[in-house]
Amino acid sequence: MELLLSPPILFFFLGGLATLMKSDLEVPKSVARLLSLYLLMSIGLYGGYKLAVGGIDGQAMAVMGVATASSFVLPFVAYAVLRWRLGAEDAAAIAATFGSISAVTFVTAVAFLDNAGVSYSGYLVASMALMESPAIVSGVLLARLAAGRARRRELESSGGGASASADDARTEWGELFREAGLNGAVVLLVGAMVIGYVTGERGWASVSAFVYDPFKGVLCLFLLDMGLLAARRVGDLRRAGVFLVGFGVVWALVQGLIGVGAAVALGLDRGDALLLAILFGSASYIAVPAALRLALPGANPSLYIPLALGITFPFNIVVGIPMYYALLGWLGLEASVGG
Amino acid sequence: MELLLSPPILFFFLGGLATLMKSDLEVPKSVARLLSLYLLMSIGLYGGYKLAVGGIDGQAMAVMGVATASSFVLPFVAYAVLRWRLGAEDAAAIAATFGSISAVTFVTAVAFLDNAGVSYSGYLVASMALMESPAIVSGVLLARLAAGRARRRELESSGGGASASADDARTEWGELFREAGLNGAVVLLVGAMVIGYVTGERGWASVSAFVYDPFKGVLCLFLLDMGLLAARRVGDLRRAGVFLVGFGVVWALVQGLIGVGAAVALGLDRGDALLLAILFGSASYIAVPAALRLALPGANPSLYIPLALGITFPFNIVVGIPMYYALLGWLGLEASVGG
Amino acid sequence: MELLLSPPILFFFLGGLATLMKSDLEVPKSVARLLSLYLLMSIGLYGGYKLAVGGIDGQAMAVMGVATASSFVLPFVAYAVLRWRLGAEDAAAIAATFGSISAVTFVTAVAFLDNAGVSYSGYLVASMALMESPAIVSGVLLARLAAGRARRRELESSGGGASASADDARTEWGELFREAGLNGAVVLLVGAMVIGYVTGERGWASVSAFVYDPFKGVLCLFLLDMGLLAARRVGDLRRAGVFLVGFGVVWALVQGLIGVGAAVALGLDRGDALLLAILFGSASYIAVPAALRLALPGANPSLYIPLALGITFPFNIVVGIPMYYALLGWLGLEASVGG
Amino acid sequence: MREVKRIEIVIDKPHEPKVRVALAELGVPGLTIMDVVAGYGDRGSREGGALSDAMMNRFLLTTCEPGQVEAVAAKLEPLLRRYGGLVLISDAQMIRNA
Amino acid sequence: MREVKRIEIVIDKPHEPKVRVALAELGVPGLTIMDVVAGYGDRGSREGGALSDAMMNRFLLTTCEPGQVEAVAAKLEPLLRRYGGLVLISDAQMIRNA
Amino acid sequence: MREVKRIEIVIDKPHEPKVRVALAELGVPGLTIMDVVAGYGDRGSREGGALSDAMMNRFLLTTCEPGQVEAVAAKLEPLLRRYGGLVLISDAQMIRNA
Ligand SMILES: Nc1ncnc2c1ncn2[C@@H]1O[C@H](COP(=O)(O)O)[C@@H](O)[C@H]1O
Ligand SMILES: Nc1ncnc2c1ncn2[C@@H]1O[C@H](COP(=O)(O)O)[C@@H](O)[C@H]1O
Ligand SMILES: Nc1ncnc2c1ncn2[C@@H]1O[C@H](COP(=O)(O)O)[C@@H](O)[C@H]1O
Ligand code: NA
Ligand code: NA
Ligand code: NA
């Protein structure tokens with residue numbers, strides 16, 4: 001309970017409440033961007049530093065491999081479920097957001113572990129970085145395959161002009177890979193991790209007063225804004241209907257539990273397992289949407305952004321994190337102690 | 001003297017000087033908003049934490065009650081004085097700003113106490129939160145009463161159509177209470193205070209590296225900007241005339257001394273008494289104007305904002321704080337020691 | 001090597017790389033302004049505090065005198081070289097940027113010394129402040145002299161109307177001195193230094209948690225943005241040609257070595273000598289351009305800004321700082337130890 | 001390309017919601033909003049945003065059918081009279097995705 | 001003063017580069033870009049920028065010769081059809097440094 | 001509603017004060033200023049603001065009486081010649097609080 005009522009989570013509630021009460025409380029956009037840069041830089045440096053100290057062993061490689069693969073594969077499963085009710089492009093876009101991750105959810109889980117005095121490994125941060133982009137490729141692939149099928153069906157009943165659009169698709173793959181891999185959030189996270197790794201103990205000592213000490217306080221401010229933004233987006237979902245809202249909770253849970261299963265199978269300790277579960281179960285509302293606007297301009301961003309931001313994110317930080325943590329304890333996973 | 005020449009006050013002078021010398025030194029608007037959010041969040045969390053540690057006793061209740069009442073009542077007195085020279089709406093608006101408080105003045109006083117090694121109680125922060133809004137209601141009430149009197153006078157000499165505008169007034173009270181109570185500054189301050197109270201010692205430990213340690217440094221940057229902004233607003237007052245400028249100083253003093261009297265009567269220690277005096281004596285240029293633009297659109301914001309920001313604010317942080325502090329010592333109030 | 005691969009420098013590379021790879025990583029403009037204000041305020045307060053503690057002796061006066069004189073004189077030399085290929089206004093503008101200094105280069109050198117555990121004197125910060133503006137005056141003087149010569153030549157072959165434009169020039173000198181001396185960066189740096197000096201040990205204790213502890217971490221974020229901005233400006237130089245790019249490196253080196261010579265002649269220790277070299281060798285892309293847009297509207301900002309920002313700045317922080325430091329060691333200068 | 005009326009509105013940020021409601025009631029097909037840095041008019045200068053939105057202006061751009069201009073003017077005029085601000089109406093040709 | 005056509009474009013920020021390429025190909029003599037705070041149109045409301053540019057609009061102002069209008073419209077129409085947005089074209093007189 | 005001339009000006013931010021002085025001398029009844037994010041014209045691209053205002057543009061919107069256009073052009077032309085930038089003048093109908 002005490003872990004649930006931590007300042008960051010309470011500031012998230014405060015933001016949500018302020019929006020619901022129609023307060024004019026507002027965080028400027030450039031401030032939100034600053035906080036976002038700060039959190040990515042901080043967690044990247046910390047993860048890199050921990051990798052430098054802890055080293056990369058077989059288990060680390062296994063976890064990073066499983067994480068990357070899940071980001072590729074899970075969208076195919078989510079897509080199949082979503083197609084039940086949605087068009088191909090919207091289904092592919094939502095599937096992509098769920099295959100990828102939410103860095104803010106991750107750092108909230110990190111703060112949760114920190115409060116509980118439980119440590120975690122640097123390669124979980126690396127796993128987060130590795131999971132950002134593959135899902136984007138899968139999502140676009142899914143939409144292209146569906147469009148191809150549709151086109152072939154059309155062609156069978158008419159004939160003509162397919163080579164031009166195939167060409168069209170080819171040119172855009174290049175842009176897609178750039179967008180997927182070189183999204184600002186990915187570049188900063190990976191770059192900070194590499195810098196943390198390369199500069200090690202010495203580098204960490206010189207920056208930790210900025211990137212570590214005030215971390216949880218900054219997170220409060222950012223989650224206040226996330227509360228404001230998430231509550232505003234909930235309204236967008238009224239039109240989307242109960243299926244999508246339900247999907248945002250249930251599918252987060254399904255993927256989160258797959259993550260728990262993977263963590264148990266990989267023999268992770270409780271802290272690392274929680275982070276893997278939350279990576280699996282979280283959905284992207286920053287990096288993936290930015291890439292999808294270009295890669296899938298036909299998909300409706302007023303569906304896939306509000307779902308990830310207004311439903312799945314609050315679910316994960318309020319319910320998911322403590323629940324997975326409890327579950328992992330109940331499953332007998334041991335926590336490593338220390339920051 | 002050493003207390004007067006603290007870095008925050010000197011940065012305020014620097015900002016004022018920069019504007020007077022027509023330097024192009026500028027703090028971006030979104031940065032000013034960030035600093036403002038930071039200070040409200042910090043002081044709120046600290047106040048809540050101190051309440052959690054210190055508890056709420058009879059004296060706390062008494063102080064908070066007196067503070068709230070003063071915010072309701074003082075505008076009626078100020079209004080009577082202002083009506084001597086100003087129209088009803090302008091008088092009501094200025095009276096409302098003086099009934100309410102300036103959070104930046106308050107945190108400057110807090111930094112002053114901190115430098116002097118003098119402690120204060122959490123319920124003074126609560127008092128600040130309680131004093132923000134009532135004055136807005138009083139101000140609007142004053143303007144409505146005046147408008148009602150004017151209308152009745154007109155009616156007596158003509159007749160007809162009053163029910164429609166009464167209806168009009170009724171609808172707007174709802175909006176008014178929302179604006180007064182749910183202004184972003186009020187919501188953040190109260191919310192942070194509740195969070196500080198609920199999470200107590202443990203929560204404070206996790207956020208103090210962000211909200212407490214760099215507090216006085218951040219205040220320097222904010223007061224630099226306040227100096228830039230205040231000096232720019234002084235120009236607006238040239239048109240307003242000597243009555244208003246005089247009022248901005250004299251009335252701040254009158255209300256500040258009423259605050260000193262209340263503090264003595266309530267038996268406060270020196271630190272708490274200073275804060276109460278400064279709450280009484282300060283005028284709002286953030287929360288109250290934001291509400292008044294909606295509630296009293298006929299009042300001239302180029303009067304009530306420059307007065308509170310360009311006259312009363314500098315007077316309080318440069319003269320008021322050290323003067324009240326000296327006076328309270330001379331009156332024999334004891335200071336409690338410690339942060 | 002370890003000193004070269006410090007986090008700030010690596011973040012600069014990361015920013016450059018992100019731009020080259022066409023990532024959409026971006027730091028909002030108002031955030032860049034905040035970081036810039038922070039660094040000026042921090043270094044100013046620290047320099048002032050060190051002056052208060054260390055005092056101002058004969059050597060301090062000598063260094064500050066030499067620094068100021070160099071900012072006046074060096075533009076005349078640079079101008080003579082630049083006129084070989086450029087028009088008078090462009091040559092004067094570039095000469096002015098090189099006579100002045102880059103505060104970000106300076107703080108990067110400060111962070112370098114800090115990592116090496118080497119101390120430096122407060123009057124080097126004062127020297128930086130003194131060097132900002134004189135070069136602007138020299139640059140404008142050079143352009144005016146050239147324009148005067150051109151006009152006289154014209155007059156000899158025609159006759160008439162010179163008094164009007166002489167009048168024109170006279171009026172603008174006032175504006176020029178204001179711009180040169182009251183540029184926001186100069187005012188903040190000088191103001192913070194004075195405040196640091198006046199408030200001394202006690203003031204420093206109250207603000208160092210904000211302006212000192214997180215300094216190197218904040219520098220990382222700022223250099224990330226500098227990398228993004230510098231790499232973007234490199235493209236502008238394609239049109240400028242190889243002469244200018246070469247000048248940006250070679251002239252930085254020439255002035256840097258003059259600085260090394262001056263430091264040796266003045267008998268500075270290794271830390272102070274490095275900072276003097278880097279003040280001589282760096283070029284301004286913030287304060288001077290802001291003044292030149294008004295003072296020399298005919299000079300092309302797409303030449304003098306990219307050169308200082310895209311060529312000289314990276315050269316100095318990547319090559320210049322470690323190289324001068326090594327050279328100064330090789331020349332036998334002793335480093336004073338401690339922060 | 002279609003002939004439309006182009007409507008620009010400058011209004012105090014605190015009163016912007018009322019203008020948006022009015023435009024929605026008029027049924028304009030779209031709206032674009034931009035921040036105003038500074039300005040002046042009959043009620044003096046507006047330059048703010050650092051401390052609160054109280055002294056900030058907003059700029060709104062929208063369109064309507066040429067025949068709707070009278071209705072738009074009738075709807076916006078009372079708001080301008082009460083809260084100040086500016087409306088400019090001009091002719092334009094519009095290209096849209098439809 | 002010279003008669004020109006004044007062209008205003010509202011487009012999703014992620015698609016702005018494509019519009020800039022199109023304008024460069026048309027050879028417009030200059031361009032001015034401003035941030036859009038919020039807006040709505042056929043594809044719902046756009047209000048963003050806090051977390052990513054995905055839901056942000058941009059406003060572009062440019063000019064062309066009166067005779068070029070058809071070419072501009074032909075070039076921009078396919079972009080609007082695919083990505084949404086708005087183009088307004090009106091008459092203006094231009095003063096320039098030349 | 002009243003016929004007015006709508007005047008748009010793009011100018012380097014460092015030179016904006018001179019334009020404001022010129023407009024004040026012309027006696028324009030109001031002014032609205034917005035930030036420009038990026039732009040290009042004869043003097044190359046302008047995109048700045050991160051480090052200083054040296055490479056930033058500003059956008060100014062004002063109005064004048066139809067008969068005043070020549071005076072406005074005469075006043076602004078020398079500024080544009082010296083400092084670059086753009087002025088666009090078009091017809092509009094204005095609604096005001098008066
Ligand atoms: N003639 C005008 N041209 C451009 N903007 C104007 C004009 N008149 C008023 N404004 C804008 O509308 C705002 C409110 O005007 P007012 O209500 O007259 O004070 C001003 O602050 C300006 O931003
Ligand atoms: N009639 C209009 N007037 C002003 N702005 C519009 C209009 N229609 C669309 N827009 C702008 O163009 C953006 C995209 O429009 P749409 O593609 O229709 O969703 C909207 O978010 C608005 O900012
Ligand atoms: N034809 C145009 N359309 C829109 N904006 C322009 C145009 N020409 C110039 N500008 C703007 O005016 C600024 C200065 O133009 P210039 O002096 O030609 O470099 C540019 O950076 C643009 O923002
Ligand atoms: Na996921
Ligand atoms: Na008060
Ligand atoms: Na130099």
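Note that the structure is predicted; figures quoted are calculated from it, not measured. The sequence lines fix the lettering, A, B, ..., with proteins before strands; numbering per chain opens at 1.
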Largest heavy-atom contact set with chain B, pairs under 4.5 Å, which of C/L45, C/V190, C/D213, C/V198: C/L45
Interchain contact, B/L224 with chain C, by part (heavy-atom threshold 4.5 Å): side chain
B/V218 portion near chain C, given a 4.5 angstrom heavy-atom threshold: both
B/K29 portion near chain C, given a 4.5 angstrom heavy-atom threshold: neither
Most contacts with chain B, counted as non-hydrogen pairs under 4.5 angstrom, among C/S208, C/S30, C/P28: C/S30
Where B/L25 and C/G184 come nearest, the two heavy atoms and their spacing: CD1-O, 3.5 Å
Close side-chain approach of C/L182 to B/D24, heavy-atom, < 4.5 Å: no
Contact origin within B/P214 toward chain C - heavy atom pairs under 4.5 Å: both
Portion of B/F11 that has a non-hydrogen atom of chain C nearer than 4.5 angstrom: both
Chain B contact residues among residues 32-42 of chain C, heavy-atom distance under 4.5 Å: C/R33, C/L34, C/L37, C/M41
Minimum heavy-atom distance between B/M21 and C/V187, given as atom pair plus value: CE-CG2, 4.3 Å
Side chain to side chain, B/L14 and C/L188, heavy atoms closer than 4.5 Å: yes
Close side-chain approach of B/S6 to C/S206, heavy-atom, < 4.5 Å: no
Largest heavy-atom contact set with chain C, pairs under 4.5 Å, which of B/A209, B/S23, B/P8: B/S23
Side chain, backbone, both or neither of C/A192 within contact of chain B (heavy atoms, under 4.5 Å): both
